[in-house]
Structure formats: structure tokens, C-alpha cells
Amino acid sequence: MVLYPVIRKLLEKRVVLASASPRRQEILSNAGLRFEVVPSRFTEKLSKASFPTPYAYAMETAKQKALEVARRMHQKDLRAPDIVIGADTIVALEGLILEKPVDKADAHKMLSRLNGKEHSVFTGVAIVHCSSQGGKLDMDVWEFYEETRVRFSQLSEELLWEYIHSGEPMDKAGGYGIQALGGMLVESIHGDFLNVVGFPLNRFCKKLAELFYPPRPEDLQREKQDSIPAVDTFDNPSDVEGLGSSQGGAQGVRDRPWAEGGKDTKDAGRRPTVESLPPTPVVELIDGYKVSKALFTACKMKVFDLLRDEGPLSTVDIARKIDASECGTGHLLDICVAFGLLDKTDRGYSNTDLASLYLLSDGEYSLHSLAVHNNNHSWHLYNHLESAIREGANQHQRALQITVDDPFQDSFYRNKEKKLQFMRAMHGLINVAARQAATAFDLSRFSSACDLGGCTGALAYQLARQYPGLKVTVFDLPEVVEDAVYFQPGGPQTGQVSFVPGDFFRDSLPEADLYIVCRILHDWSDDKVHQLLSRISSSCKPGGGLLVLEMLPGEDKREARAAVVQSLNMLVQTLGRERTLSEYRSLLQAHGFADVRAAYVGSIVDAVLATRV
Ligand SMILES: O=c1[nH]cc([C@@H]2O[C@H](COP(=O)(O)OP(=O)(O)OP(=O)(O)O)[C@@H](O)[C@H]2O)c(=O)[nH]1
């Protein structure tokens with residue numbers, strides 16, 4: 001029986017499961033999916049420390065497993081499958097990632113850690129959509145993860161050893177199998193059971209639904225908001241070029257409950273009646289700015305730093321320490337709790353993992369400065385959004401009384417304080433995406449790279465970490481390079497990275513095998529982009545590469561939310577816009593680059609790699 005139509009849709013395709021796990025095979029075949037099993041040979045040895053979160057690690061491992069199989073199958077019979085599915089299950093507890101135990105002692109160590117506590121099980125899943133033209137393999141990757149919370153009972157040593165001697169723990173993440181004897185260790189579970197067993201089937205079906213096509217309006221009235229739409233609303237996944245990956249839940253245009261419906265137009269124009277109005281996100285959209293502003297304010301008032309240093313704290317204590325009213329502080333804290341940034345217990349408020357990771361002012365992946373920059377700078381420009389829309393131009397003049405020929409030199413870097421604020425904001429943002437950007441393609445064939453406008457070196461250091469043989473030059477304006485030293489991380493990779501001051505529109509570019517422009521082209525008009533690409537093209541040797549890291553909106557403008565928001569941002573703040581893959585392809589080809597390939601990394605950048613002919 002095929003329960004879900006989305007699974008039926010896959011029956012027409014050659015689907016490969018890149019996994020040796022018998023549990024994954026069983027879950028998917030029980031769901032009615034027909035697939036070949038080709039276990040991945042990717043060795044699970046990615047450095048866990050280089051991932052901001054456990055689920056980022058699981059998703060990347062899943063992706064690498066699937067990509068390895070797709071490439072191998074393509075090489076072997078020059079016919080890649082249509083879809084390759086990879087998955088990776090891990091257990092996360094108190095900052096540790098637990099995989100399969102290597103021996104009984106390791107199993108004992110893992111189970112002892114889990115004993116009497118709650119942990120998270122994450123399964124990362126990658127769906128690789130393959131197509132080939134002229135023998136060349138193109139792959140689009142869609143990734144997501146699911147989290148299930150599992151609590152173990154308090155277990156005796158005797159019971160733990162008895163379980164270990166059963167042999168069951170050895171091929172299971174975290175050293176237990178919830179579906180068999182290990183079920184006896186578990187007191188409670190919150191979330192998808194199959195996710196713990198190794199494959200989040202429900203989220204997988206929703207993801208497929210999202211990828212294949214959005215629901216029709218009448219389906220929205222019939223179904224719950226997170227349910228799986230009916231089959232005749234789906235189309236071929238190749239129609240959705242430009243769809244970025246989403247993590248941990250449905251995102252992007254395909255779950256827009258207020259979308260205008262699918263390709264099936266037979267009911268177009270039918271309006272919902274007052275009695276059958278679909279659930280509306282419009283009020284939430286209207287209120288969105290209030291939440292953003294509350295977050296900016298909490299960052300600015302250093303609430304998260306305070307709770308890291310002294311939490312848990314009561315409202316009264318927090319109010320006193322941030323020099324604010326008790327009633328105002330209470331509102332601010334309540335919003336932070338409601339949006340998952342703070343936990344509230346009898347002992348007071350404390351940071352959630354999310355806040356600890358992203359909102360402390362000095363964390364490795366801190367977005368604190370980005371929030372402050374949005375508050376102090378972007379906010380003022382957005383007050384003039386209507387003018388930006390009418391004029392099709394940025395709003396520095398209106399908001400800040402600045403004439404802008406170059407948004408960086410004239411506005412973002414107009415004094416030392418502004419410059420450092422902008423650099424800190426960009427540093428955090430790039431750090432969050434750097435790993436995915438650096439590994440979107442295998443860059444190991446290059447021995448030198450030049451990151452044009454590489455700012456603090458956040459991407460350069462990550463590239464150095466991923467490719468120990470690579471020398472990376474960061475080329476940026478002298479006023480940026482002079483302060484980049486404040487952002488230098490520790491570690492051996494610092495020796496691989498150097499900084500050269502210069503203006504990429506005027507000065508000669510450093511020599512390199514690979515040129516990189518990360519979130520640079522989107523700042524500039526088409527004329528300027530042509531100028532810059534022409535300069536890169538002249539410096540790049542035949543066989544050299546150009547890596548463009550930007551968000552790639554969909555060709556049909558029904559693109560993922562983040563990309564359209566970012567494109568609007570470029571209008572309001574810069575001289576540029578986001579461009580589609582076809583636009584980049586034409587631009588790159590016009591400047592002597594060929595073999596243009598894209599990887600939809602999602603988050604804040606996608607990747608386009610091209611080779612100089
Ligand atoms: O309760 C359970 N928890 C986990 C499992 C099984 O554990 C493994 C997790 O390992 P991994 O994701 O690396 O997958 P592999 O088995 O190595 O197969 P791949 O070829 O895909 O790498 C997984 O098999 C889960 O099913 C369990 O059974 N119960």
C-alpha cells in the first residue's frame with residue numbers, strides 16, 4: 001500500500017537509498033517506496049568541532065553520504081539515479097555528539113552518559129536530485145533534519161551491562177535501539193519515533209511535498225497546516241530550480257499558506273468564504289517587526305550575556321542589572337521566552353541553546369552584532385521602504401543624509417565605529433554559513449585562492465580548515481584589512497591565510513587559482529558586476545576557478561523567502577540585487593567562464609562554481 005501520494009510520485013523515478021542501515025530500508029519500503037540500496041562509502045570523519053550545531057553535522061554527513069553514491073553511480077554507468085537519499089542519525093547530549101559505539105566499553109560510556117537524562121536524537125537527511133547532460137552530472141541537494149527528545153530511566157550498572165552483552169548497541173547511534181531491547185531503557189519520548197530508529201518518514205514526506213509543489217487553496221481549507229498535500233498538486237522536482245534547502249521544518253514558498261495555489265488552475269478565482277477562511281499568517285506578518293525589534297533590544301541591552309554570566313535570574317534582578325523598568329523588562333523577557341530564546345523556570349530566566357549559540361556578544365557563531373547593526377543602521381533605511389520601492393534606489397540619502405556612490409566607503413565604513421559594527425555583523429553571518437559554503441564543491445584541486453572583499457577572513461579561515469593545502473589571500477579595502485586582525489581565530493589554519501589591502505575595482509588582484517566573491521556581486525549594479533568580472537577574468541588563468549557565493553532565487557520568482565527578502569535588502573541598502581542562476585550563468589559565460597555549476601546550500605548563500613576557459 002502506498003499511503004502518501006508523494007511517495008507514489010517517486011515510483012516513476014530511479015531512487016537510490018545511500019544507506020546500509022536495515023532500519024532505513026525497512027522504514028522506506030514499508031512506506032511503499034521502491035528503491036535500490038547502494039551503501040555509501042563516505043567515511044564519517046567530519047570534524048564535529050567545525051559545526052555550529054549537532055544537526056548541522058548530521059545534515060552534512062547525510063549529504064556527503066548521498067553525494068558519494070550519486071557520483072560513484074554516475075561514474076560507473078554514466079547514468080546517475082534520479083534521486084539519492086542519504087541519512088545520518090546521531091545522539092546529542094550536553095554538547096557531545098554520540099555516534100555508533102566502537103566497542104563494548106564505548107557503548108558503556110555512552111549509555112552511562114544517557115542514563116537518567118534527556119537527550120536529543122537528530123537525523124539529518126539529504127535528498128540529492130541528479131540530472132546529467134552530455135555526460136556531466138548536475139546535482140541539487142535538499143537537506144533537512146528532525147529532532148526527537150528521548151529520556152532514559154535511571155538504570156543500574158547490571159542492567160546496562162546486560163543490555164551491552166546482548167550485542168544490540170553496536171550498530172546504533174548512541175548505543176541503543178529504541179525499536180528493540182533498547183525500548184526498555186526509555187522512559188519517554190517527545191517527537192517522531194521513526195526519527196530515532198533512523199529515518200524521519202513523516203518529515204521526509206512533508207519535505208517531498210514541499211519540493212514537488214505547493215498545496216492548492218482548497219486543500220488548505222481541508223487539511224491541517226502541516227499536513228501533506230494531495231498528489232495532483234505535485235510536479236516534477238526539476239521545475240523548482242532555485243529552491244534552497246531548509247532545516248528542521250517546512251520553509252520557503254512551498255509552505256506559504258497564503259500562496260496563490262498550484263499549477264492546477266481549474267479552481268482558480270474561487271474565493272474562501274468568511275466561514276471557511278484559512279488560518280491566516282497575515283497578523284503574524286504584520287507583527288513581525290515588533291518581534292525583530294524586541295530581539296534587537298534584548299541584544300543591545302546584553303540580556304543574553306547577562307544570563308550567560310549570572311543566570312538564572314529573576315525579572316527584578318535582570319531589570320536592575322540592565323537598568324530598566326521591571327514591567328518593561330518583564331515584557332521583553334516574555335517575548336524572548338515565547339520565541340524560544342529564553343527558558344523560564346522557578347529559578348528564573350536562562351538562555352536556551354539557541355540564544356547561547358547565536359546571541360551572546362562574543363560566541364563563535366554570534367549574530368549579536370548583526371542584530372545590533374540591523375537596529376542601528378538598517379532599521380532607519382527601512383523606514384523609507386516605500387520611497388525605495390517608488391524610486392528603485394537605496395535610501396541612504398533620505399535616512400542618513402549621505403550620498404552614496406559606494407555603499408561601503410560612503411556609508412557602512414564612514415567612521416571607525418560604524419565600520420567595526422559592520423565587520424562584526426558580517427563576521428558572525430559568514431561564520432554561520434562558512435562551512436557549508438566552503439564544502440559546497442570539492443575545491444581540493446586548487447592550491448591558492450583569493451577571497452575578494454573577504455572582510456574579516458571568516459570564509460578564508462574556514463576554507464583553510466577544510467583544505468589544509470590551500471593558501472588563501474583575503475583582498476579587501478585598506479581600512480578593512482587594518483582591523484581584520486581583531487577577528488583572527490586561533491589554530492594552525494591562520495598560517496594559510498594572508499591579507500592584502502586594495503580595491504577590487506581599481507588595484508591589481510592577487511594571483512590565485514581560485515577567485516571567490518562571497519556576497520559581493522549582489523551589492524553592485526550590472527555595470528559594476530561586469531567591471532569586476534572582467535578584472536577577475538583577466539587575472540584568472542585557464543583552468544582556474546571562480547566561486548560565487550550568493551543566494552540564488554528561483555527562476556520563476558516564486559523563490560524561497562530568504563532570497564527575496566535579501567534582494568529587497570539590496571535595493572534598500574546597496575546598488576545591487578540578488579540574481580538567479582541563469583543570470584549568473586550568462587554573466588560568467590560572458591567573461592570567459594564555462595562549466596557553470598550550482599549547489600543549493602541554503603541558509604545565507606548558495607554556491608556557483610565556474611572554470612576559466
Ligand atoms: O534507536 C535507534 N537508534 C539508532 C539506530 C540505528 O543507528 C544507526 C545510525 O548510524 P548511521 O546514521 O551512521 O547509519 P549506518 O547504520 O551507519 O548506515 P549508513 O550506511 O546510512 O551510514 C542507523 O542504522 C539507525 O538505524 C537504531 O536502529 N535504533
Side-chain angles (χ1 to χ4, degrees), residues 3-4 6-7 10 17-33 35 40 44 48 51 53-66 85-93 96-101 110-111 114 117-127 141-152 168-169 171-211 224 226-228 245-251 255 340 353-354:
L3 188 60
Y4 281 129
V6 278
I7 293 276
L10 285 187
L17 175 64
S19 174
S21 167
R23 277 76 55 181
R24 292 195 182 114
Q25 294 165 25
E26 194 181 338
I27 292 169
L28 284 171
S29 59
N30 282 348
L33 187 71
F35 54 89
S40 181
E44 296 172 38
K48 298 188 181 74
F51 290 88
T53 55
Y55 56 79
Y57 169 82
M59 285 199 299
E60 183 62 25
T61 307
K63 179 172 106 182
Q64 294 303 335
K65 286 181 187 181
I85 302 163
D88 191 63
T89 303
I90 55 161
V91 163
L93 174 79
L96 272 180
I97 292 180
L98 309 180
E99 296 181 281
K100 290 167 289 191
M110 286 185 185
L111 292 168
L114 304 178
K117 293 196 201 129
E118 192 180 51
H119 62 266
S120 287
V121 180
F122 292 103
T123 299
V125 176
I127 307 169
V141 184
W142 299 306
E143 302 162 81
F144 66 94
Y145 73 89
E146 180 67 74
E147 176 179 11
T148 307
R149 305 282 301 166
V150 178
R151 178 176 286 284
F152 268 30
E168 191 176 278
D171 61 344
K172 316 263 171 2
Y176 70 95
I178 196 168
Q179 71 276 24
L181 294 175
M184 290 189 272
L185 317 179
V186 172
E187 189 172 284
S188 64
I189 123 161
H190 186 76
D192 182 354
F193 174 83
L194 290 181
N195 182 51
V196 184
V197 181
F199 199 83
L201 183 63
N202 184 272
R203 174 80 72 195
F204 175 71
C205 291
K206 284 178 189 155
K207 190 74 199 167
L208 288 180
E210 227 184 281
L211 294 175
K224 282 214 311 240
D226 68 344
S227 64
I228 297 161
S245 63
S246 68
Q247 304 175 353
Q251 282 177 6
D255 65 346
D353 289 349
L354 197 66

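What you are looking at is a predicted structure, and each value in this text was computed from that prediction instead of being measured.
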What's the shortest heavy-atom distance between [X] and [Y], and which atoms?
{"X": "F144", "Y": "P200", "result": "CE1-CG, 4.1 Å"}
{"X": "G86", "Y": "A66", "result": "N-CB, 3.8 Å"}
{"X": "A126", "Y": "V141", "result": "CB-CG1, 4.3 Å"}
{"X": "A58", "Y": "G124", "result": "CB-N, 3.8 Å"}
{"X": "F122", "Y": "A92", "result": "CE1-CB, 3.7 Å"}

Presence of salt bridge, E99 and K172, under 4.0 angstrom
no

Can I127 and L208 be said to form a side chain to side chain contact (heavy atoms under 4.5 Å, CB included), step by step?
CA-CA 9 Å; I127 307 169; L208 288 180; 4.0 Å; yes

Under a 4.5 Å cut-off applied to non-hydrogen side-chain atoms, are [X] and [Y] in contact?
{"X": "L10", "Y": "F35", "answer": "no"}
{"X": "P54", "Y": "I90", "answer": "yes"}
{"X": "L181", "Y": "Y176", "answer": "no"}

Nearest 0.5 Å, what's the [atom1]-[atom2] distance between [X] and [Y]?
{"X": "N202", "Y": "K207", "atom1": "CG", "atom2": "NZ", "value": "13.5 Å"}
{"X": "L33", "Y": "C205", "atom1": "CG", "atom2": "SG", "value": "9.0 Å"}
{"X": "T53", "Y": "M59", "atom1": "OG1", "atom2": "CE", "value": "6.5 Å"}
{"X": "L93", "Y": "M110", "atom1": "CG", "atom2": "CE", "value": "11.5 Å"}

Y55 vs Y145 aromatic rings, parallel, tilted or perpendicular, using cut-offs 30° and 60°?
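Aromatic pair Y55/Y145 classed parallel.
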
Check the surroundings of atom CD in E26: do more than 12 heavy atoms from other residues, nucleotides or ligands lie under 6.0 Å from it?
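Count not over threshold, so no.
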
For I97 and V91: C-alpha separation, side-chain torsions, deciding distance, then whether side chain to side chain contact (heavy atoms under 4.5 Å, CB included) applies.
CA-CA 6 Å; I97 292 180; V91 163; over 6 Å; no

Check step by step if side chain to side chain contact (heavy atoms under 4.5 Å, CB included) holds for T89 and F199.
CA-CA 8 Å; T89 303; F199 199 83; over 6 Å; no

Residues in side-chain contact (heavy atoms from CB on, under 4.5 Å) contact with L354, at least two apart in sequence or another chain:
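In terms of side-chain contact (heavy atoms from CB on, under 4.5 Å), with neighbours along the sequence ignored, L354 is linked to L341, T352, Y358.
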
Report the residues that fulfil side-chain contact (heavy atoms from CB on, under 4.5 Å) with K65, sequence neighbours left out, ordered by chain and then residue number.
R24, S40, F42, E44, T61, D88

In a table with atom names and distances, give each donor-acceptor pair under 3.5 Å that connects a side chain of residues 185-198 to protein atoms at least two apart or in another chain.
unit_1 : atom_1 : unit_2 : atom_2 : d
D192   : OD1    : L194   : N      : 2.9
N195   : OD1    : T123   : OG1    : 3.1
N195   : ND2    : V121   : O      : 3.3
N195   : ND2    : E146   : O      : 3.2
N195   : ND2    : T148   : OG1    : 2.9

If the condition is salt bridge (charged side-chain N to carboxylate O under 4.0 Å, His left out), which residues does [X] pass it with, not counting sequence neighbours?
{"X": "D171", "value": "R23"}
{"X": "K63", "value": "E60"}
{"X": "R149", "value": "E118, E147"}

Hey, mind stepping through F152 and L111 against side chain to side chain contact (heavy atoms under 4.5 Å, CB included) and telling me if it holds?
CA-CA 9 Å; F152 268 30; L111 292 168; 3.9 Å; yes

